[in-house]
Amino acid sequence: MKIICIGRNYRDHAKELNNDIPTEPVIFLKPDTAVLKDGQDFYLPDLFQEVHHEVELLVRIDRHGKNIQSKFAHKYYTQIGLGIDFTARDKQSELKSKGLPWELAKAFDGSAFISSWHAKEDFGDLMNLEFSLTKNGAMAQKGTSADMLFSIDEMIAFVSQYFTLRTGDILFTGTPAGVSAVQKGDELEGFIQNQKLFTLRVK
Ligand code: ZN
């Protein structure tokens, strides 16, 4: 199983980190050891000074595919969820400034929090889904999939040219603006529309 993530898929988040708006998806991977399951706590690694939450809509691939056309991509997933792409922003900034890959900042153990899965029909139009993250009860990030620069189906078409998709693979589809550092003791809650999908404690 692999985790495929897209960076800078929301204009307002790309801008808050002073990144250009991409003309082609920015893609990185996380290994299966990065997975943090619903019900587990997130332990802040000692390696970093500044770990940010990035709440993202998730898609679970449930069919094997390669070179999938965008118009057929919807046949390759039936379930969606909500996750957090935990990012060591201090490490990522250091790596970015040297033009190096991001894995040390993005793929560490526990960096891919994954909620429970839900039938994609449960929430209505997938390309018009509101989702949000609160931190200690206060709104931290709020977005809608309508603002994605590359849609879920376009992302599947793009990445499947490079990586064969397999059942169980997971897509992290990018984060809207509002990322910020988490601290020990924080409580994060994630929502799609008005439905709470998770509560996650930072330790
Ligand atoms: Zn992200």
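Indexing begins at 1, ligand by ligand and atom by atom, following the structure's order.
Taking a cutoff of 4.0 Å between a charged side-chain nitrogen and a carboxylate oxygen, R201 and D41 do not qualify as a salt bridge.
Counted within 6.0 Å of OH on Y43, heavy atoms from surrounding residues, nucleotides or ligands total 12 or fewer; the atom is thus considered open.
Protein-derived N/O/S atoms nearer than 2.8 Å to the Zn ion (ligand 1) total 3, waters excluded.
D153 and Y76 are not linked by any side-chain donor-acceptor pair at a separation below 3.5 angstrom, with hydrogens and angles left out of the test.
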Side chains of residues 130-142: which donor-acceptor pairs under 3.5 Å do they make with residues two or more places apart or in other chains?
residue : atom : partner : partner atom : Å
K135    : NZ   : S180    : OG           : 3.0
K135    : NZ   : A181    : O            : 2.8
N136    : OD1  : E187    : N            : 2.8
N136    : ND2  : D186    : OD1          : 3.0
Q141    : OE1  : H53     : ND1          : 2.9
Q141    : OE1  : V55     : N            : 3.1
Q141    : NE2  : T175    : OG1          : 2.8
Q141    : NE2  : P176    : O            : 2.8

Which donor-acceptor pairs under 3.5 Å do side chains of residues 21-35 form with protein atoms, sequence neighbours excluded?
residue : atom : partner : partner atom : Å
K30     : NZ   : D85     : OD1          : 2.7
K30     : NZ   : K106    : O            : 2.5
K30     : NZ   : S111    : O            : 3.0
K30     : NZ   : S111    : OG           : 3.4

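Counting Ile, Leu, Val, Met, Phe, Trp and Tyr side chains that sit under 4.5 Å apart, directly or through other members, L104 shares a hydrophobic cluster with L95, L100.
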